[in-house]
Protein chains: 2
Amino acid sequence: MNIKEVAARAGLPAKTIRYYEEIGLIRPLRAANGYRSFRESDLHKLAFLARARGLGFSIEDCRALLALYEDRARASSDVKALAESHLARIAEKIAELRGMEATLGALVRACAGDARPDCPILTGIAGKDCCG
Amino acid sequence: MNIKEVAARAGLPAKTIRYYEEIGLIRPLRAANGYRSFRESDLHKLAFLARARGLGFSIEDCRALLALYEDRARASSDVKALAESHLARIAEKIAELRGMEATLGALVRACAGDARPDCPILTGIAGKDCCG
DNA sequence: TATGGGGTTTCCCGTGATGGGAAGGTCAAG
DNA sequence: CTTGACCTTCCCATCACGGGAAACCCCATA
């Protein structure tokens with residue numbers, strides 16, 4: 001399989017696939033003409049990576065997940081620990097964003113949004129009572 | 001005021017303040033020795049920037065907000081439009097993160113997390129039924 | 001056989017918003 | 001005069017790619 005087909009099937013840009021090879025996440029073979037030659041196992045790994053990235057795992061997390069995936073002697077507790085720590089990061093981010101949403105939402109609701117210059121959003125950002 | 005004091009009072013690292021000058025968000029004076037010399041107005045702008053960044057606005061959004069803040073002839077509708085568009089981006093991100101949280105959370109709950117290799121998290125990421 | 005068009009390769013630069021750290025100038029206190 | 005804290009500029013690194021150039025490869029058609 002050449003890179004374009006594998007890209008289509010894994011749902012990843014060709015650029016990303018080359019990058020993943022460069023950082024050692026996959027090791028496709030090479031044809032005589034220098035083209036990358038992907039096996040089914042490469043495609044499988046790329047699809048795994050695409051899904052893990054879609055769940056927000058960092059590249060290094062993905063590397064660890066892939067290693068666990070390929071290690072038949074793994075303990076599921078190792079996988080779960082990784083996933084739980086990522087879940088915690090996700091929850092933190094959500095909390096942070098919700099804080100922003102609440103603060104900014106209140107300012108937006110207080111703003112008339114007309115042609116006049118008076119703006120609670122600006123005074124809110126400027127004032128000491130903002131972003132508590 | 002030298003940079004360290006202004007950094008402490010604005011709640012920003014000195015590095016960040018230098019960067020903000022470099023990209024033209026602030027224009028502090030210079031003392032004879034080459035040191036930056038911050039006025040109260042610079043401090044005020046930096047505090048504004050720190051809060052706007054804390055609300056998740058991008059640097060370019062901050063530039064626009066600062067311009068509006070300094071423009072006495074602004075229309076509050078312009079500010080509100082900017083803020084609402086940012087609020088929408090925040091909501092999108094929250095939705096995306098909640099999707100991840102739901103999917104990954106379900107996988108984590110299904111995983112025994114013991115010494116055995118069987119792991120619904122890995123098969124979930126590997127399988128076609130993962131990530132919507 | 002030439003030509004065209006698409007696929008592929010490597011290489012280098014850019015992103016956003018800083019952080020780290022080196023090399024060197026300046027200032028106030030002891 | 002020295003020490004140590006502060007300041008300066010400059011360059012490189014982050015993270016996960018994306019854009020685009022220059023060159024090579026393959027296949028089909030005229």
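Nothing here was measured: the structure is a model prediction, and the numbers come from that model. These values consider heavy atoms only, across backbone and side chains, with no hydrogens, waters or symmetry-generated copies. Here is the naming used below: chain letters follow the sequence lines, and residue numbers restart at 1 for every chain.
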Just the endpoints, please: which first and last nucleotides of DNA chain C, 5' to 3', lie under 4.0 Å from a heavy atom of chain A? dG7(C) to dC11(C)
Between the main-chain N or O of F57(B) and the side-chain N or O of R53(B), is there a donor-acceptor pair closer than 3.5 Å? yes
Check: R36(B) side chain, R30(B) main-chain N or O, donor-acceptor pair, under 3.5 Å: no
Hey, which of these two, E5(A) or Y19(B), hits DNA chain C nearer its 5' end, going by closest nucleotide? E5(A)
In terms of the angle between their ring planes, are H44(A) and Y69(A) parallel, tilted or perpendicular, with boundaries placed at 30° and 60°? perpendicular
Under 4.0 Å between any heavy atoms, over every strand shown, what does K4(B) touch: base, sugar-phosphate, or nothing? Just pick one. sugar-phosphate
Nearest-nucleotide 5' precedence on DNA chain D, R30(B) against E60(A): R30(B)
Closest non-hydrogen contact found for A31(A) with S37(A) is N-CB, 4.1 Å
Rounded to the nearest 0.5 angstrom, the CG-CG distance for D71(A) and D78(A) is 9.0 Å
Heavy-atom nearest pair, I121(A) first then A83(B), reads CD1-CB, 3.9 Å
At 4.0 Å (heavy atoms only), tell me whether I23(B) reaches a base, stays on the sugar-phosphate, or touches nothing. nothing
Between R36(B) and P13(A), which is nearer to the 5' end of DNA chain D once each is assigned its nearest nucleotide? R36(B)
Residue whose nearest DNA chain C nucleotide is more 5′ - Y35(A) or A32(B): Y35(A)
Using modelled atom types only, decide if a donor and an acceptor are shared between the side chain of T103(B) and the backbone of M100(B) within a distance under 3.5 Å. no
Which part of the nucleic acid does R53(A) contact within heavy-atom distance under 4.0 Å: base, sugar-phosphate only, or nothing? sugar-phosphate
Taking any atom closer than 4.0 angstrom to a non-hydrogen atom of chain A, what span of DNA chain D does the protein reach, first nucleotide to last? dA16(D) to dC26(D)
Do any N or O atoms from the side chain of S76(A) and from the backbone of G113(B) form a donor-acceptor pair under 3.5 angstrom? yes
